Amino acid sequence: MEKTLGELAEYVGGRVKGNKDIKIRGIKTMDEAGEGYITFLANEKYEKKMNNTAASAIIVSPKFQDVDKPLLISDNPYLAFAKLVDLMMNPEIEYPKTIHETAVISPTARLGEEVSMFPHVCVGERTRLGNRVVLMPKVYLGDDCEVGDDTIIHPNVVIYANTKIGRNVTIHANSVVGSGGFGYAPDGRDYFNIPQVGRTVIEDDVVIGDNTTIQRGALDATKIGKGTKVGSQCQIAHNVEIGENTLLIGQIGIAGTAKIGSNCVLAGGVGVVGHVTVGDRVTVGARSGVTNDLPSDGTYLGYPAVSIKKMRRSQIAAQRLPELIEALRSLKRRMSDLEERLGWKKSDS
Amino acid sequence: MEKTLGELAEYVGGRVKGNKDIKIRGIKTMDEAGEGYITFLANEKYEKKMNNTAASAIIVSPKFQDVDKPLLISDNPYLAFAKLVDLMMNPEIEYPKTIHETAVISPTARLGEEVSMFPHVCVGERTRLGNRVVLMPKVYLGDDCEVGDDTIIHPNVVIYANTKIGRNVTIHANSVVGSGGFGYAPDGRDYFNIPQVGRTVIEDDVVIGDNTTIQRGALDATKIGKGTKVGSQCQIAHNVEIGENTLLIGQIGIAGTAKIGSNCVLAGGVGVVGHVTVGDRVTVGARSGVTNDLPSDGTYLGYPAVSIKKMRRSQIAAQRLPELIEALRSLKRRMSDLEERLGWKKSDS
Amino acid sequence: MEKTLGELAEYVGGRVKGNKDIKIRGIKTMDEAGEGYITFLANEKYEKKMNNTAASAIIVSPKFQDVDKPLLISDNPYLAFAKLVDLMMNPEIEYPKTIHETAVISPTARLGEEVSMFPHVCVGERTRLGNRVVLMPKVYLGDDCEVGDDTIIHPNVVIYANTKIGRNVTIHANSVVGSGGFGYAPDGRDYFNIPQVGRTVIEDDVVIGDNTTIQRGALDATKIGKGTKVGSQCQIAHNVEIGENTLLIGQIGIAGTAKIGSNCVLAGGVGVVGHVTVGDRVTVGARSGVTNDLPSDGTYLGYPAVSIKKMRRSQIAAQRLPELIEALRSLKRRMSDLEERLGWKKSDS
């Protein structure tokens, strides 16, 4: 595929600075792009690289126009980049739309049209699959599950019984959805295992990373809202509810019955204790620990997570500590000096 | 199943306040329970909900009796709840007690009675399984393993060779038991891989969560004691020994040769460095890092983890920091004022 | 196998103190070793155990010679131990060098000589395997992959399409290599999924632990350098590049496009934010969070990770906080005393 820079700008809703007739045949990183390729400024710290890249053009935001190259200027350059990768670099994958002979499908399962089932897939009793569902090798779907149209489940994913998965969902390899949560009641001697009899609901357009685990509700449901993206190695405990279009970046742990709102971003390594509520449009910085309810529309950091303003203040106070020790020492000297000049014995030291 | 409130109280060893003849047909959460259902107070912060639930009765501890509803009062309401979920909501799962034709079992393996083996299971050479063992789809059991009666292993679990698993153990999906730990000896140029020639022993009544990894001993054994519950995404390194009835809640990392006692609770995200010893009945708060031996019978927090009393003291000191800066500033002003009135030049500032 | 202590010393390049003719038939830990076994001092804190072990000999470094036992003295006792475990305790594993009948291999795959494929393995189209490659049960290798000679992949590992794996690599159970990273561009309403069209390159002699996930590049490649060892439950995001002979101990998270040098050691639980560069021979302490570039040849700790010297200084300052509060209180008393004696009203308090 080859397009002019002008055609690409039109496709992503941007504009061109420079020659809009140059031919572009793909998109590569600054370091790798050469003649005929467009590149992009992924991070402001790489700004200087723009003058050295061999790329024929660069996708930039309006504030980075000061470079002697043809530019594709976009108010959302990251989105423009994403759309061009999709247009030019993303090969269409053809799924077989057949059921491999080694797959083991319960006769009571109901399958939609054009379903693809790779080797060693298992589908349990009464489970229903929508149209064009793709189950990669060794996927296990338990009994009484439901999977919506166009959902793709990658190899070795385990879906426990009674899970409901929406349309256009992607679940990456070796993840687990709907397993039994951590529920043990001390009986004075050892522990009584609390049966986990709830279920899990994954809504439409959700993406779940690799080696992530989502546990079913103890009594009712664990829910992941429409459009939410869960990264790799996240652990989402029983009865957690996550709103829509929220990003859980990776290695996140959310304890039982916590509620996270919509349009939030939880950065890598964040932990959330049980039974707290996080509002909508909340950002939580990397490795923070949320130990209390957080209202909507704020940015929080630290453990315990506090507002970014409060966090900065206490960080600054902590950094001033050595200076404080010095100031105190100086004051002591002045005091002793004063007491001595007055001929008074120190009251204490 | 339908029982009277009085029958349920008797079943869990509690007592009734109010009409003990009302009929209960299940247990649900405060929000979801309606006519004919009993509910429970899962967390004290939900106390006010008790007046609004549509449930016919509530399980409470003796201190929460001030509500106008039939109550099932128990000294251990969480245990009472657990027992009623088990009695009323937990369907008996019927395992097939057959070996699926796609399972690959070594002819030298020895199987107990009424064993269930789902599709694509593999069982290695000389491995012995007790009675009623359930191996869900795609479980891999290496050579020379031993699995006790009534143990259930969920899909895609990998058990490396030479692992011993007790009776009534549950291992959740995609976990790994007995793999080779992180042992590399620098030889000045690169690393010599240290063969990991020990084994892993999982005692009776242990539960292991999903995507958890337990590594075999380097020379001798890694041991998980009777009744201990390991959460999801825990990493337990070579030669670790964990006592009995200890709870490792989730996303916990325990480095090589650490020893954890019995009846401990390690909250989510705790890390323990190698070669330390933690006593019995120790509680470690969420995300703490244990870097030294901890004696029995205490609660520890922070990184490095210190006693909760010490932790509180240093947290309070840290919170007083801005106030401290202000106090110092005020003292300086008084000192300057004094020096000026006395007509003395400041000794320093 | 039985060797004299002198023969063992020669094998590892060490020397004997005491009777070099005693017969050794294996190596065990201090607690377990008895007559005929050699043991080793794994950690200096166990030094006193040396006098109590029933072992016939001990491997030590030159500074621990003060014990009344035959000693094998080595400048690198850990390496000597590793070599003796390999020599005496490590049974040679015989792989079948056959392809199990349940394996599903694409007819377009190209296999080397003496390849072993266990049950339920899948190998995708055009994938090429070197000689003596071992694929344990249920390994999934996607299309267009390449695997070098003598590489072993443990059960249930998932290798996504287009991954290149070198020679003599080991990948432990339930790990994922080459899956799609976390790339979502906000479009104002929800998220546009950025296709991840790069690949993953794992160089020779790499070891990857269990339940670890390594994601392919967004556009170009994610790279793990020769001889690097990645522990369990690590998450390595898209476009990360790791140098040679670096150790990532376990539960480590490295965000997108970060670069880690050669001969580094990242201890358990370390996190590295995206787009930073860590030099060569850098050590990062357990649970630290790297938020900025780190130059070569240093040791860093904390979150944000700072030099160990700076970290110690701020830890000491923090520990002095209660003492500081007391000193300030004392100064205030002296000031008030002074003001009162001079008959002056306090200027403020």
Side-chain angles (χ1 to χ4, degrees), chain A residues 27-29 31-32 42-43 45 76 78-79 81-83 85-86 89-90 100 102 118-120 136-138 154-156 170 172-174 205 207 209-211 227 229 231-233 244-245 247 249-251 268-269 286-287 318 321-322 324-325 328 331-332 335 338-339 342 344 346-349, chain C residues 102 104 120 122 138 140 142 156 158 160 174-176 179-180 182-195 197 211-213 215 218-220 233 235 237 239 251 253 255 257 271 273-275 289 291 303 313-314 317-318 320-321 324 327-328 330-331 333-335 337-338 341-342:
Chain A
I27 178 163
K28 290 194 173 178
T29 61
D31 291 337
E32 305 229 327
N43 191 302
K45 66 194 274 194
N76 190 340
Y78 194 47
L79 180 60
F81 154 70
K83 286 184 171 172
V85 173
D86 192 43
M89 309 297 283
N90 197 16
H100 194 272
T102 60
F118 283 84
H120 312 123
M136 296 286 288
K138 298 166 231 300
H154 283 275
N156 285 2
T170 299
H172 278 289
N174 279 344
D205 303 321
V207 179
D210 337 63
N211 279 313
K229 318 299 181 191
S232 295
Q233 298 189 358
E244 301 189 357
N245 290 313
L247 304 183
I249 298 215
Q251 291 188 320
R287 313 197 120 215
L321 209 45
L324 215 67
I325 292 171
L328 195 64
L331 256 184
K332 268 189 187 169
M335 176 64 79
L338 212 77
E339 288 166 335
L342 288 166
W344 289 335
K346 293 178 192 180
S347 56
D348 62 31
S349 59
Chain C
T102 61
V104 176
H120 312 124
C122 287
K138 297 166 233 303
Y140 169 75
N156 286 2
V158 174
Y160 278 62
N174 280 345
S175 283
V176 178
S179 67
F182 199 88
Y184 304 100
D187 65 6
R189 202 171 43 89
D190 42 31
Y191 288 93
F192 186 92
N193 295 4
I194 304 171
V197 301
N211 279 314
T212 276
T213 66
Q215 289 151 353
L219 269 185
D220 44 4
Q233 298 187 358
Q235 146 69 358
N239 308 313
Q251 291 188 319
T257 319
V273 305
H275 292 277
T291 58
Y303 176 49
R313 214 184 306 137
S314 67
R320 289 187 56 186
L321 208 46
L324 214 68
L328 195 64
S330 153
L331 255 184
R333 278 196 299 269
R334 287 164 67 185
M335 176 62 78
D337 189 43
L338 212 77
R341 288 186 193 211
L342 289 167

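Note that the coordinates shown come from a computational prediction; the quantities given were computed from them, not determined experimentally. A, B, ... follow the sequence lines: proteins, then strands. Residue 1 opens every chain.
Residues A:Q251 and C:Q235 approach most closely at NE2-CB, 3.7 Å, considering heavy atoms. In terms of heavy-atom proximity, C:R334 sits nearest to A:K332 at NH2-O, 4.1 Å. Closest heavy-atom contact between A:V85 and C:P195: CG1-O, 3.6 Å. For the pair C:D187 and A:L79, the tightest heavy-atom approach, listed with the atom from each and the gap, is CB-CD2, 3.6 Å.
For the residue pair C:S179 / A:D210, a side-chain donor-acceptor distance below 3.5 Å is found, with atom types taken as modelled.
Comparing A:D86, A:D205, A:T170 by heavy-atom pairs within less than 4.5 Å of chain C, the highest count is held by A:D86. Between chain A and the residues C:P186, C:G289, C:G274, C:G183, the most heavy-atom pairs under 4.5 angstrom are made by C:P186. Most heavy-atom pairs under 4.5 Å with chain C: of the set A:G268, A:A286, A:G269, A:G227, this distinction falls to A:A286. Most heavy-atom pairs under 4.5 Å with chain A, from the set C:A327, C:G180, C:A255, C:G188: that is C:G180.
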Given the rule in the side chain to side chain contact (heavy atoms under 4.5 Å, CB included) test, do A:L321 and C:L324 qualify, once you have shown the distances and angles that lead to the verdict? CA-CA 10 Å; A:L321 209 45; C:L324 214 68; 4.1 Å; yes

Please evaluate residues A:K28 and C:D220 with respect to the criterion side chain to side chain contact (heavy atoms under 4.5 Å, CB included), reporting the C-alpha separation (whole Å), side-chain torsions for both, the decisive distance (0.1 Å), and the verdict. CA-CA 7 Å; A:K28 290 194 173 178; C:D220 44 4; over 6 Å; no

Mind running side chain to side chain contact (heavy atoms under 4.5 Å, CB included) on C:Y140 and A:M136 for me, showing each step along the way? CA-CA 10 Å; C:Y140 169 75; A:M136 296 286 288; 3.5 Å; yes

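The shortest distance between side-chain heavy atoms of C:Q215 and A:S232 falls below 4.5 Å. Two residues are said to be in side-chain contact when any heavy atoms from C-beta on lie closer than 4.5 Å; C:V104 and A:T102 meet this criterion. With contacts defined as side-chain heavy-atom distances shorter than 4.5 Å, the pair C:Y191/A:V207 does not qualify. The side-chain heavy atoms of A:P137 and C:K138, taken from C-beta on, include no pair separated by under 4.5 Å. Side-chain contact between A:L342 and C:L342: present, with at least one pair of heavy atoms (C-beta onward) separated by less than 4.5 Å.
Using a 4.5 Å cut-off between heavy atoms, A:N90 contacts chain C through both its backbone and its side chain. Using a 4.5 Å cut-off between heavy atoms, A:F81 touches chain C through its side chain atoms alone. Of the two parts of C:T291, neither the backbone nor the side chain holds a non-hydrogen atom closer than 4.5 Å to a non-hydrogen atom of chain A. C:R189 touches chain A through its backbone: at least one of N, CA, C or O sits under 4.5 Å from a heavy atom, while the side chain does not. Residue C:N193 touches chain A through its side chain alone, counting heavy-atom pairs closer than 4.5 Å. Contacts of A:K45 with chain C are made by side-chain atoms alone, with heavy-atom separations under 4.5 Å and no backbone atom involved.
The side chain to side chain contact (heavy atoms under 4.5 Å, CB included) test applied to A:A82 returns C:A185, C:F192, C:I194, not counting sequence neighbours.
Without hydrogens or angle criteria, A:E244 side chain to C:D190 main chain gives no donor-acceptor distance under 3.5 Å. Panel note: side chain A:N174, backbone C:N174; a donor-acceptor pair is recorded below 3.5 Å. Between the side chain of A:N156 and the backbone N or O of C:N156, at least one donor-acceptor pair lies under 3.5 Å.
For C:F182 and A:H172, the ring centers sit 6.0 Å or farther from each other. Ring centroid separation for the pair A:H154 and C:Y160 comes in under the 6.0 Å cut-off.
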